[in-house]
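These numbers come from the heavy atoms of this one structure, side chains and all, not from hydrogens, waters or symmetry mates. Both ligands and their constituent atoms are indexed starting at 1 by order of listing. Since we're looking at a predicted model, the values are computed, not measured.
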Amino acid sequence: MEDRQAVIIDGKALALKIRTEVAAEVSEIVSKTGRRPKLCVIIAGDNQASKVYVRNKKKACEDCGIESETIELDGSITKEELFDVIDRKNADKSVDGILVQLPLPGGIDEKEIIARIAPDKDVDCFHPVNVGRVFTGDPVFLPCTPAGIIELLKYAGVTIKGANCVVVGRSNIVGKPVGALLLAEDGTVTTAHSKTKDLKKVTGEADILVAAIGKAKFFTKEYIKPGAAVIDVGMDRDEEGRLCGDVDFDDVVGICGAITPVPGGVGPMTVAMLMKNTVKAARIHG
Ligand code: GUN
């Protein structure tokens with residue numbers, strides 16, 4: 001019988017520490033240049049979850065001393081109208097970062113919209129140029145959620161070098177880029193997904209497991225190698241409508257070595273890394 005108790009990795013505390021460091025950097029930039037870093041967040045339609053995320057980003061900007069502007073657009077907006085908004089913000093020298101909250105209303109090609117953002121203002125690190133830089137190992141910005149995951153692992157004292165890292169999920173926002181960052185840290189990376197054969201066998205060999213599939217409490221202890229570090233990227237709802245992750249926390253906590261909770265794990269780190277990217281953009285813009 002296992003009675004090991006996992007380390008709960010406190011993403012909220014680490015995010016707060018990073019945001020405090022960012023605030024100090026912002027003060028330094030303002031006193032040196034007389035200009036305050038600025039983030040422009042664009043949201044179209046009324047996806048409730050997106051509205052919460054956008055509100056969190058605005059609040060984080062306030063806490064860090066970053067100026068923010070939220071542009072709320074109707075769900076019926078066309079691609080051309082959205083292009084016009086992005087073009088104006090690309091040309092606006094007071095704006096350092098532009099973020100288009102996803103998902104976009106139906107019918108709008110997200111890839112085309114992302115590609116319209118000036119790469120030097122792409123603080124989400126979604127533009128193909130910035131994604132390419134991440135994969136070739138010379139990034140300008142780091143993708144927010146994946147970079148937050150690396151920070152969480154380091155904070156928990158988890159060794160990535162040589163570790164068997166299994167990422168489950170292959171999205172452009174999380175699965176693919178977190179694989180690239182783990183590889184850059186000398187991890188041995190496997191990306192698994194819905195078509196993977198014998199998923200339990202694959203994840204059962206993971207020293208580091210990143211769960212990013214969007215299925216509530218999917219990963220039970222049968223999927224976990226004893227002592228593994230488990231990073232839960234899920235933002236799901238359980239049968240009672242409560243926020244939970246892709247990992248069955250209560251089932252897994254007794255067997256893994258370290259685990260991120262939901263909420264309070266990866267989520268706050270994504271926002272903290274966005275703040276870091278915005279400061280990076282401000283430094284580039286001088
Ligand atoms: N939708 C879900 N996650 C994200 C994110 O990190 N950035 C943006 N822009 N949209 C999202």
Side-chain angles (χ1 to χ4, degrees), residues 11 15 18-19 38-61 66 68-73 75 77 82-83 85-86 89-90 95-106 108-119 121-131 134 139 141-152 167 169-178 180-181 210-215 231-237 243 245-246 260 262-263 265-278 280-281:
I18 291 170
R19 276 159 65 158
K38 180 173 174 181
L39 174 66
C40 176
V41 177
I42 301 168
I43 177 169
D46 54 11
N47 180 307
Q48 292 309 311
S50 290
K51 283 186 173 177
V52 173
Y53 296 145
V54 167
R55 221 181 300 134
N56 289 343
K57 289 167 189 178
K58 186 177 174 191
K59 169 79 167 51
C61 284
I66 293 171
S68 79
E69 176 187 15
T70 305
I71 300 180
E72 294 180 42
L73 303 168
I77 190 148
L82 203 41
F83 277 171
V85 175
I86 293 169
K89 296 301 160 185
N90 280 342
V95 172
D96 295 297
I98 301 170
L99 179 157
V100 178
Q101 187 65 33
L102 303 179
L104 285 169
I108 298 187
D109 182 342
E110 292 179 348
K111 287 186 177 168
E112 273 190 85
I113 298 300
I114 288 165
R116 193 78 173 199
I117 299 170
K121 297 192 177 187
D122 170 40
V123 286
D124 256 332
C125 196
F126 288 173
H127 191 289
V129 164
N130 287 319
V131 174
V134 168
F141 299 113
L142 290 174
C144 300
T145 300
I149 290 169
I150 301 295
E151 293 291 324
L152 285 164
V167 178
R170 51 177 155 172
S171 70
N172 288 330
I173 294 184
V174 182
K176 288 180 205 167
V178 79
L181 297 193
V210 179
I213 59 171
K215 286 189 182 178
I231 304 291
D232 191 350
V233 189
M235 288 280 259
D236 314 310
R237 296 276 168 188
L243 186 62
D246 291 348
T260 58
V262 177
V266 173
M269 288 300 293
T270 297
V271 183
M273 302 319 279
L274 174 67
M275 299 299 105
K276 270 187 96 136
N277 277 345
T278 306
K280 180 92 196 265

*Residue and atom name of the nearest protein heavy atom (relative to atom 10 (N) of ligand 1), distance in Å to one decimal*: L102 N, 3.0 Å
_Looking at every heavy atom in both L152 and G11, which two are closest together, and how far apart are they?_
CD2-CA, 3.7 Å
*atom 8 (C) of ligand 1: which protein heavy atom is closest, and how many Å away?*
D124 OD2, 3.4 Å
*Report the part of V100 (side chain from C-beta onward, or backbone N, CA, C, O) that has a heavy atom under 4.0 Å from ligand 1; answer both or neither where that applies.*
backbone
_What protein heavy atom lies closest to atom 3 (N) of ligand 1? Include the residue and the distance to one decimal._
I173 CD1, 4.3 Å
_Nearest-0.5 Å distance that lies between atom CG in D246 and atom CE in M235_ = 11.0 Å
_Can you give me the closest heavy-atom contact between M273 and A147, atom names plus distance?_
CE-CB, 3.9 Å
*Is there at least one pair of N or O atoms, one from F126 and one from ligand 1, spaced under 3.5 Å apart?*
no
*asked:* With no hydrogens and no angle check, just 3.5 Å: does a side-chain donor-acceptor pair link Q101 and K57?
replied: yes
_Less than 4.0 Å is my threshold; does some heavy atom of L99 fall inside it relative to ligand 1?_
yes
_Identified side-chain contact (heavy atoms from CB on, under 4.5 Å) partner of I113 from the options V85, I42, I108_ = I108
_Salt bridge flag under 4.0 Å for residues E69 and K89_ = yes
*For atom 4 (C) of ligand 1, what is the nearest protein heavy atom, given as residue, atom name and distance?*
Q101 NE2, 4.1 Å
